Q: 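Structure incoming, see below.
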There are 2 protein chains.
Amino acid sequence: MDNSLHLAQSLRKAGLRLTPQRLAICSFLASTDQHPTAQMIYDQVRPQFPTLSLATVYNTLETLVQLGVINTLGGTGSEAERYDADTSPHVNLSCVSCQRVIDFPSQHLHALEDEVTSRSEYRLLGSRFLFFGLCPECQAT
Amino acid sequence: MDNSLHLAQSLRKAGLRLTPQRLAICSFLASTDQHPTAQMIYDQVRPQFPTLSLATVYNTLETLVQLGVINTLGGTGSEAERYDADTSPHVNLSCVSCQRVIDFPSQHLHALEDEVTSRSEYRLLGSRFLFFGLCPECQAT
DNA sequence: TTGTATGCAAAAACTTTGCATCCCA
DNA sequence: TGGGATGCAAAGTTTTTGCATACAA
């Protein structure tokens, strides 16, 4: 599935403009698994758009979050917000040493989501599942 | 279980000083279910300590997080970090409208934790489970 | 064309740090 | 008493906002 298209199309469906900047940000989000911060996106997309501004990155991310097509993970460590283009229920593993975040598919999340849906009165819009720990590489150090 | 004592004792066990400010912050954390931000703690504890500084609140929270006796939830919304004195595996439900966060005990988290422990190479140190949505009150509006 | 989106810069919000003083162990 | 903790203020980060211009639809 071309998730880049998915992100871009959700902008159009919402009646928003598909600018080159937004498209570049969507493409980057869809292509990476690094759960980037706004600054990381800015640094890596800017070469294609020398005048791209960080404000636009923040604005676009906020728009995509509002549309529900990307998630925020909350700061991991004491740094900036991280974004995840994968909104399907999944677990993220965050290394407290090297700061990297990886995905971890789990078989239990659907049951968890069903439980919350049936036993709470909340109308669910998104989720965030994070474990903190030391990744294999950092344990070796 | 007196969780306030638990927090305070973990400071002593770590060889750290149990100052009145730290005790007040621990007591407040243990007594509330509002998953407060540093500012919320400051506002509500300060009446007892007119000279309490926000820096001390941040320092103490950082210390407690390092000790592993409280968790951070990550900003919910676009605001500040929220803290949770309940480190047992549990789900938090965050209302995107009124910003309140409540606890939701789940039967599936132990299975999830076991799965991550056995199928990843990470040494786990903490976790964060959050659903975003509309609480019953805000749905009614 | 028309109003949304952008870029820039300034401001706001949040968090950390330096340092002199204080005080718990 | 001594070294960690505090309070204050200043600095550092991260994020948002105002406004004139540009441009997608």
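Predicted model, so just to flag it, every value in this text is computed and none were measured. First the proteins, then the strands, lettered A, B, ... as listed; each starts at 1.
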Q: Donor-acceptor pair, distance only, cut-off 3.5 Å: does the side chain of Glu115(A) make one with the backbone of Gln107(B)?
A: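 Yes, because the side chain of Glu115(A) sits within donor-acceptor range (under 3.5 Å) of the backbone of Gln107(B).
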
Q: Which nucleotide wins on minimum distance to the side chain of Ala55(A), given the candidates dT15(D), dA9(C), dG7(D)?
A: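 Nearest to the side-chain atoms of Ala55(A), counting from C-beta on, is dA9(C).
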
Q: Across the strands shown, which category fits Gln21(B) at heavy-atom distances under 4.0 angstrom: base, sugar-phosphate, nothing?
A: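 Sugar-phosphate contact only.
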
Q: Does Arg22(B) make a side-chain donor-acceptor contact with the base of dG4(D), cut-off 3.5 Å?
A: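 Answer is no: no donor-acceptor pair is held.
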
Q: Can you see if the side chain of Tyr58(B) gets near the phosphate of dT15(C) - specifically, an N or O under 4.0 Å from OP1 or OP2?
A: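 So the side chain of Tyr58(B) is within the cut-off, an N or O lying under 4.0 Å from OP1 or OP2 of dT15(C).
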
Q: Looking for any heavy atom pair under 4.0 Å, which part of the strands does Pro50(B) touch: base, sugar-phosphate only, or nothing?
A: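 The residue Pro50(B) makes no contact with any strand.
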
Q: So if I take every side-chain heavy atom of Pro20(B) and compare against dC14(C), dC24(C), dT4(C), which nucleotide ends up nearest?
A: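 Looking only at side-chain atoms, Pro20(B) lies closest to dC24(C).
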
Q: State whether Thr19(A) places a side-chain N or O below 4.0 Å from either non-bridging phosphate oxygen (OP1 or OP2) of dA5(C).
A: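 No, outside the criterion.
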
Q: If we ignore angles and hydrogens, is there a donor and acceptor under 3.5 Å between the side chains of Thr72(B) and Arg128(B)?
A: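 Side chains of Thr72(B) and Arg128(B): pair found under 3.5 Å.
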
Q: Looking at the side chain of Ala80(B), which of dC14(C), dT15(D), dG7(D) is the nearest nucleotide?
A: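 Of dC14(C), dT15(D), dG7(D), dC14(C) is nearest to the side chain of Ala80(B).
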
Q: If we ignore hydrogens and angles and just use 3.5 Å, is the side chain of Arg22(A) paired with the main-chain N or O of Arg17(A) as donor and acceptor?
A: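 Answer holds: yes.
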
Q: Given the rule in the side chain to side chain contact (heavy atoms under 4.5 Å, CB included) test, do Leu64(B) and Cys26(B) qualify, once you have shown the distances and angles that lead to the verdict?
A: CA-CA 9 Å; Leu64(B) 294 171; Cys26(B) 288; 4.2 Å; yes

Q: Are any of Thr51(A)'s side-chain N or O atoms less than 4.0 Å away from OP1 or OP2 of dG7(C)?
A: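 Result: yes.
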
